[in-house]
Amino acid sequence: MEKRYDPKNFEDRLYREWEETGCFKAVRDDKKVPFTIVMPPPNITGQLHMGHAMDDTMQDTVIRFKRMQGYCALWLPGTDHASIATEAKIVREMAEEGLTKEQLGREGFLKRAWEWKDKYERRICTQIKKLGSSCDWSRLTFTMDEKCSRAVREVFVNLYNKNLIYRGDRIINWCPTCRTALSDAEVEYAEENGNLWHIKYPVEGTDVSLVVATTRPETMFGDTAVAVNPADARYKKYIGKNVVLPAVGRVIPIVGDEHADMEFGTGVVKITPAHDPNDFEVGQRHNLPVVKVMNEDGSMNGNAGKYAGLDRYECRKLLLKELEESGALVKVQPHAHNVGHCYRCNSTVEPMVSKQWFVKMQPLARPAINAVMDKKVTFVPERFAKTYYNWMENVKDWCISRQLWWGHRIPVWYCSDCGAEICEKTDPKVCPSCGSARIKQDEDVLDTWFSSALWPFSTLGYPEDTSDLEYFYPTDVLVCGYDIIFFWVSRMIFSGLEHMRKIPFRDVLMHGLVRDDKGRKMSKSLGNGVDPLEVIDKYGADSLRFSLLQGVAPGNDTRYSDAKVEACSNFMNKIWNASRFVITGAEGVKVLPVGEVKLSSADKWIISRLQSVIKDVTITMNKFELGVACQIMYDFMWSDFCDWYIELSKPALYGEDETKKQAVISVLVYVLENSLKLLHPFIPFITDEIYRSVPGTQGTIMLAEFPRYNSKLAYKKDAAAFGGVMETIKAVRAVKTDLDCPPSRKVHIYFATEQKRLISANKDSILKLAGAKEITFVSSPAEAGEKTVAKVLSVGTLFIPMGDLVDIEKERERLNRELAEVTAEISRADGKLQNAGFVSKAPKKLVDEERAKLNKYIEMREEILKRIENL
RNA sequence: GGGAGCUUAGCUCAGUUGGGAGAGCAACUGCCCUACAAGCAGUGGGUCACAGGUUCGAGCCCUGUAGCUCCCACCA
């Protein structure tokens, strides 16, 4: 082994080896139980960020754990075409070259997009590999691959035939920059400070006016009514009359509708069915015409009269000026309101009537809700089920058509002759109704999430009835951020149920956002993003992985900081050095199974600790509490194994007794080997690199069996007894420090104890670790000499003669401190035992324990009091 | 308007069937003892946001309050 821990020496090499020897490959094996994770496919828009690093680390940790446990573990990787996001990026890149989509044409643009895909997919996969991700690359899937496209086609046609997909004129969210429709989920709302403009609409044939309040005056060209609440005493007399649209002169009716809120604004609301979802509904109720006033790019159309061609905001400005001059604008009231923005380009979204394709959600939502209710699908942590219900129960129809080129083209053809709409599983050549060859495919593509929704089964071969699909589906756990529950998780659930008749996964393990060290969201605009590759380059992948897992509870946001990675890198260094100690120590020694050597009490203690760690790590991993599992391993490795056991092993290791030496080395190797296996899912590189040097191991640790709890090695009693030895060592160290005794100065320990056998058996360890030169058993304090410092322990009382080094006052202080501590313990325990309720209702075991503690403390107090007196 | 989460040591956070408050970093003291100074030993530091309640017993369960964060819906 290299003397220094340097991840650069082995991370890439090991990954290559794993990949080349097929360690990641999952092949159906009917002797094994499958365990499947499909990777949330990263967008091919750019590169990975810390969120991906965390996502992939969690998945890799789970899949490696399961693989070692003997499951046929499949982690299926892929990438997403990310229709709107990618197209926007490519368009931007083209713009820099002075090119437009129109110039290239559909074919040319798509060619360019596929080139982009190749480049970025390759880059992303390289990044995923750097992290150590053990995914089966032979199954790498892209959402626009042939097989995914076939699944999309199958699903679309099936839904179409079931009337669950329909085309219609509805209010949708329109992004004027991306020039496409968006689904409700793709709109983000942000509060903006705007105005409520109060505008006079004269009532036809009278000299009175109704004043309407609006935040978007430019839409008034599309007003086809004004509404008042029928219960509104102020206005109900006007219902049925007309008003004249200012600046337009068009006459529109006054209708009575509940939608008008008497409390808000003036109580009179303009109705613009083409540009507001509520107005659209009012329009339907009153049979109002729908007048669109905007073009696709957000400019005003011919209905805006002289403002036609102007940008919507420019129009607003000029129109307001005109209204002000004519006296129609009576009031401007500042008003904060929520405005929808495109989740990709952040432009203000315009609600607009448009002919689009929709998925009818109600019939799909119900089974999807039930699957979670019935615990067929479980969210971890559970609270996210509520978020899911909330959305699912109120979901509206899903707008799936996008006016883009990059994506799955909608598989519907229109006959120019008879007007038929053709939706079949194979591309039609002629119109099946009239035989005309003049048929044309819909120009639009599908929402990216339409194909993502099929991911758990499209990747496994659907619609073919493949062996993989039968074996690996339903998948086991889906790992992703809570921010895509609506976009993705919910849609996979209803899609799985609808098309596979089975849930797509059993558990959904959620994680939060990775924020920067100040708790801010990492974003390009803030420039506070951290590139995982740079971190890996500096500290190694294992340190990054550990830092992303440690101290993170499922579903919670976490902060990234270099300091944290550095702390983890120290842990790697610790593991490295401890391993080097064990492995060098084992050179030339025949290592035996721990069952075949005579074990010291220290040996039994560490083996016992290991057993409980195995148990706890397995339990927490099965509950997906990766952060807790990390902590358990960290504490065991650093404190128990390194700080205690390795130090305890040294007397035997450096001693003359060859049998003892062989025994202690056997234990060191046993504990190290098992610790490496326990740690491997979290930090795969360093554990495998060390594993190769551990005596008696073969091949890669990746394929080794995950440690199993062995009750025969639990040694509960021995481990508890050994606590007395540790207590003794700690006590001597503390006394020495308290009295400013230099660590190098060896002290003589006099020990009044019943546990002579235990102490004698561990004498060498105590002397070494406590910095002592001798232990003498005594039956009375006097035997230890006149001036001694005493320390009362649960196993007995220690006396240390300190000669002139002892400061009497300091010692008195120390004893008084101890007295106070013990007295507090007594009153705590006594209080509990005095409590009749506790004694009668608490478990007997607990009461007995408490009683034993109390007795011990009382003894200790007496000892301390005696000591104080003797001073 | 509806929902969720958070509030624990100076900082960042764990703490999952209720049974003596934890880690990392920071701080203080002392140590280069042949795995590791990226280290070791020791120390200090918390009315677990606040107020009630349930219980023999509450950081944990219930109710309410305050502050912060997020999600959904949305009054033009």
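Every chain is numbered from 1 and lettered A, B, ... according to where its sequence line falls, protein lines coming before strand lines. Any value given below was found using the heavy atoms of this structure, including those in side chains, with hydrogens, waters and symmetry copies removed.
For the pairing with A/Ile271, the side chain to side chain contact (heavy atoms under 4.5 Å, CB included) check across A/Asp223, A/Leu288, A/Val226 returns one residue only, A/Leu288. Results of the side chain to side chain donor-acceptor pair (under 3.5 Å) test with A/Lys270 over A/Thr224, A/Asp276, A/Thr219 single out A/Thr219 as the only residue that passes.
When the nucleotides B/G5, B/G19, B/A76 are ranked by their closest atom to the side chain of A/His337, B/A76 comes out on top. Residue A/Arg383 has its side chain nearest to B/G5 when only B/G5, B/A76, B/G19 are considered. The side chain of A/His259 sits closest to B/A76 out of B/A76, B/C56, B/A73. The side chain of A/Val628 approaches B/U16 more closely than any other nucleotide in the set B/U16, B/A73, B/G19. Distances were taken from every side-chain heavy atom of A/Phe838 (C-beta onward) to each of B/A76, B/A35, B/G19; the shortest belongs to B/G19. The A/Phe486 side chain lies nearest to B/C71 when the options are B/C36, B/C71, B/C56. Comparing atom distances between the A/Ala553 side chain and each of B/G42, B/A73, B/G15 picks out B/G15 as nearest. Here B/A35 is the nucleotide among B/A35, B/A76, B/C56 with the atom lying nearest to any side-chain atom of A/Asn577. For A/Lys650, the listed nucleotide lying nearest its side chain is B/A35; candidates were B/A76, B/U12, B/A35. The A/Lys386 side chain lies nearest to B/A4 when the options are B/A4, B/G39, B/C13.
If you measure from atom CZ of A/Phe384 to atom C1' of B/C72, you get 14 Å, rounded to the nearest angstrom. Atom P of nucleotide B/G42 and atom CG of A/Leu769 are separated by 10 Å, given to the nearest angstrom. To the nearest angstrom, P of B/G15 lies 12 Å from CG of A/Leu626. Here B/A35 presents its C1' atom at 15 Å from CZ of A/Arg4, a figure rounded to the nearest Å. Summarising the geometry, the separation between CD1 on A/Ile485 and C1' on B/C70 is reported as 12 Å, rounded to the nearest angstrom. A straight line from CG of A/Asp738 to P of B/G44 spans 9 Å, rounded to a whole angstrom. Per the geometry, NZ belonging to A/Lys564 stands 7 Å off P belonging to B/C13, to the nearest Å. Here the C1' atom of nucleotide B/C74 and the CG atom of A/Asn390 are 14 Å apart, to the nearest Å.
Checking the phosphate oxygens (OP1, OP2) of B/C70, no side-chain nitrogen or oxygen of A/Asn556 falls inside 4.0 Å. Between A/His198 and B/A76 there is no side-chain polar atom (N or O) within less than 4.0 angstrom of OP1 or OP2. Residue A/Tyr654 places at least one side-chain N or O under 4.0 Å from the OP1 or OP2 atom of B/A35. Between A/Asn570 and B/G39, a side-chain N or O to OP1/OP2 separation shorter than 4.0 Å is present. Note on A/Arg216: every side-chain N or O is 4.0 Å or more away from OP1 and OP2 of B/A76. At the phosphate of B/U12, neither OP1 nor OP2 sits under 4.0 Å from any side-chain N or O atom of A/Lys518.
Annotation: B/A66 and B/C28 have their C1' atoms spaced 36 Å apart (nearest Å). Nucleotides B/G64 and B/A23 place their P atoms 35 Å apart, quoted to the nearest Å. The same atom, C1', is picked in B/U8 and in B/C50; the two are 14 Å apart, to the nearest Å. Nucleotides B/U12 and B/U7 are separated by 14 Å at their C1' atoms, to the nearest Å. Across the C1' atoms, B/U17 and B/C33 are found 46 Å apart, a figure rounded to whole Å. With C1' as the reference atom, B/G46 and B/A26 are 16 Å apart, rounded to whole Å.
On a pure distance criterion of 3.5 Å, no polar donor-acceptor pair joins the side chain of A/Asn573 and the base of B/C36.
With hydrogens and angles disregarded, no donor-acceptor distance shorter than 3.5 Å links the side chain of A/Asn193 to the backbone of A/Ala336. Using modelled atom types, one side-chain atom of A/Asp279 and one backbone atom of A/Thr272 make a donor-acceptor pair closer than 3.5 Å.
Side-chain contact check for A/Val211 versus A/Ile199: every heavy-atom pair is 4.5 Å or farther apart.
Note that A/Arg491 lies in the cation-pi zone of A/Trp398, set by a 6.0 Å cut-off to the ring centre and a 45° limit from the axis. A cation-pi arrangement is absent between A/Lys661 and A/Tyr654 under the rule of less than 6.0 angstrom and at most 45 degrees off the ring axis.
Shown for residues 630-645 of chain A: residues whose heavy atoms fall under 4.0 angstrom of RNA chain B, namely A/Gln631, A/Tyr634, A/Trp638, A/Cys642, A/Asp643.
Here the straight-line distance linking atom CD of A/Glu849 with atom NZ of A/Lys832 works out to 10.0 Å at 0.5 Å rounding.
Classification of the A/Trp638-A/Tyr634 ring pair by plane angle, with boundaries at 30° and 60°, yields tilted.
In terms of heavy-atom proximity, A/Arg383 sits nearest to A/Pro554 at NH2-O, 3.9 Å.
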